[in-house]
Amino acid sequence: MLEIKNLHARIAEDGTEIIRGLNLSVKAGEVAAIMGPNGSGKSTLSYILAGRDDYEVTEGDILYNGESILDMDPAERAAAGIFLAFQYPMEIPGVATMQFLKVAMNEQRKAHGQDELTTPDFIRLVKEAAGSLDISMEMLKRPLNVGFSGGEKKRAEILQMKLLEPKLCVLDETDSGLDIDALKIVSDGVNSLRSPDRATIVITHYQRLLDYIVPDTVHVLSKGRIVKTGDKSLAHELEANGYADIINEAA
Amino acid sequence: MTVQSKLPLTAAETALVDQFGAQFGSLPGNAEVVKLRDRAIQAIKENGLPTRRVEAWHYTDLRRLLATLPGYVPSGEAQDLERIVDAAARLVLRNGKVSATESVEQLTVNSMSDALRADVSGVSMNDHGIHDATGLINSAFVTDGFVINVESGAKIAKPVEMQSLHDGGQVHVRNSVTIGEGASVTVFDRHAGSDTEVLETAVTELKLRKGAEALWVTIQETGDAATHLSQMNVTLEEDAKLTLFIVNLSGKVIRQEINGDVVGEGADLTFRAVNLIGDDAHCDITLSLGHLVPNTTSTETVRNVVTGKAQGVFQGQIRVGRIAQKTDAQMACNTLLLSDDAGFSTKPELEIFADDVVCAHGATVAEIDEDHLFYLMARGISEKTARGLLIKAFVTEIVEELENEPLIEALEARIDRWLEVHA
């Protein structure tokens, strides 16, 4: 489903290279964890996948279902089924969460040649998805993410993911700032979306999240490259021994 | 004082003088009014229209912006305009003449042309000096308008919708509105017309007596070739509360002056403006508010969206008199610039002669937040729609303060239409 080939990317503004020859392949149905120390390029990778123009790809390619997405803008990528759950979701005053959800769902439907949702259908879908994430309708009347707690923001991200039904989910440090109860709710939400035709990339610093969202593959990112790939036992190894050994071994 | 050599009259200035000569026999007014008209045109003839050198017009060089004048006669019948909310009672001016008056209980309406012919108390034609172009042109040429009195104690539920409709040429209207003691009313003040070149001047005298409350919403949606010069002279007596809300959606050269005097203790003014300025439009709101007695309050919030080659101006002057202790005035002007060629000039001016007051002002000019844009796009919302959502959020924060659902919906529909075209 996703094929990243020898990707090099830098910060557009100052030219600092962050991703340095990254290769990664994720199949449909797979849950891939990307782990790495601070500054290894984890969040940058997630932004590049989503199409943020603060980063410039200088070499290599990202193939999604066999086609390059480098020329697609973020909205086109999202409509094609790529979803990024943000580490720090934006607070947007003046845009009601419900309004935002409706516009997002209908824009994607439009891109797929489907009719817009009727208001009753829309509300029914939101209620169903929100209930399982312990999100109240009251919260959804508020401006998008404004005044939401850290946990509420992360749950709202998963709500969006459930409603938009992407094919490739990228979760950027979704566990950061979550207590154990919220972590469980969020993980259940992610797990409910596991399916043979959907791939998930879980970006995390800690192994803890991977007890709840069990990965098929684990990749260690260091200095902008994948330096080691394994199964879920690799995550435990990292938890026990830290990143230093593996990174030194790779170097 | 600097001595200025006199500039030659422009085509527009000459036309004003000539048209006055041709029209003044047919303009309504008693002997006193005729004298005032004459004095006004003399002032224009002697001083010309204001230029950048006149402080109050520094950012709106009217001599340049109104270099030529449309003919005096309208080009056709002005189109009807649907009520902005279904419930409203309409008072319609068509090409500067009263054409329809729907009655409202406890509210009397007379025509300004009758008032100018007779001696009607409360109707004045005082201008604000030789550089008061709007007041002077209007005084010279005013044809009609409404004289409205809301009875003391009347709580009028039905909104009153004044419409000044035009189709090219010149329109000079004047309204005088007095809201009696303890009365309350909602007024929509609309200006609309075709895309034919037009000069509209509109002067409104608005008085709120003791304890009166009013929501006044001016909706300026004139055509693309319109010059719209308006002036509101507002007086707030003791405990009066006025919410004055201005929405600018179109027009070519717009200048709106608000001269407010808060003369009664406990009075409050809530001033809000939303300016959507596109293409090569020029839109100027100039506010001068006097807190002249102790214990009065005001807030002023202006939100601007400017795109294309458009230019916007907000001058906000707050004067706090020597005895006006405990005045509380809060002013803010926030602007979103959507293009490199768009511009906005904002000038706050605080003149405070009392020592125990709270006055604040702030101004921001920004572009759309790229982080916000990315977040929305990452959910599949196209760039155009995402920009529209963000711009709309910026202005609807103010619109939603109105707490009047049908009105909010009507205004948001107009904002959406503007965004469709410009964002």
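The shown structure was predicted, so the numbers you read here are calculated from the model rather than taken from an experiment.
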**Student:** Measure distances from A:Pro89 to the heavy atoms of chain B and classify the residue's part below 4.5 Å as side chain, backbone, both or neither.
**Tutor:**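 It is both, since atoms from each part get that close.
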**Student:** What is the ring orientation for A:Tyr47 with B:Phe374, classed by angle as parallel under 30°, tilted 30 to 60°, or perpendicular over 60°?
**Tutor:** perpendicular
**Student:** Tell me if a side-chain donor or acceptor on B:Gln220 pairs with a main-chain N or O of B:Ser250 at a distance below 3.5 Å.
**Tutor:** yes
**Student:** With a 4.5 angstrom heavy-atom cut-off, could you sort out which part of A:Arg52 is near chain B: side chain, backbone, both or neither?
**Tutor:** both
**Student:** Against chain B, label A:Glu76 side chain, backbone, both or neither, depending on which of its atoms sit under 4.5 Å from a heavy atom there.
**Tutor:**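 Neither part; nothing is under 4.5 Å.
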**Student:** With distance as the sole test, does B:Arg303 use its side chain to make a donor-acceptor pair with the main-chain N or O of B:Phe394 at under 3.5 Å?
**Tutor:**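 Side chain of B:Arg303 to backbone of B:Phe394, a donor-acceptor pair under 3.5 Å: yes, one is there.
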**Student:** Using the ring of A:Phe83 (Phe, Tyr or Trp, six-membered ring only), decide whether B:Arg379 places NZ or CZ under 6.0 Å from its centre and within 45 degrees of its axis.
**Tutor:**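 Yes, a cation-pi geometry holds between B:Arg379 and A:Phe83.
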**Student:** Which word best sums up how the rings of B:His228 and B:His191 line up, parallel for under 30°, tilted for 30 to 60°, or perpendicular for over 60°?
**Tutor:**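 The arrangement is perpendicular - the two ring planes meet at more than 60°.
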**Student:** Pick from B:Leu389, B:Thr396, B:Asp371: which one has the most heavy-atom pairs with chain A under 4.5 Å?
**Tutor:**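 Highest number of pairs under 4.5 Å: B:Asp371.
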**Student:** For B:Ser382, which atoms come within 4.5 Å of any heavy atom of chain A: side chain, backbone, both, or neither?
**Tutor:** both
**Student:** Go through the atoms of A:Leu101 and report whether side chain, backbone, both or neither lie under 4.5 Å from a heavy atom of chain B.
**Tutor:** neither
**Student:** Checking B:Glu161 against B:Gln163: is there a side-chain donor and acceptor pair closer than 3.5 Å?
**Tutor:** yes
**Student:** Measure distances from A:Ala111 to the heavy atoms of chain B and classify the residue's part below 4.5 Å as side chain, backbone, both or neither.
**Tutor:**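 Nothing of A:Ala111, per the 4.5 Å heavy-atom cut-off to chain B.
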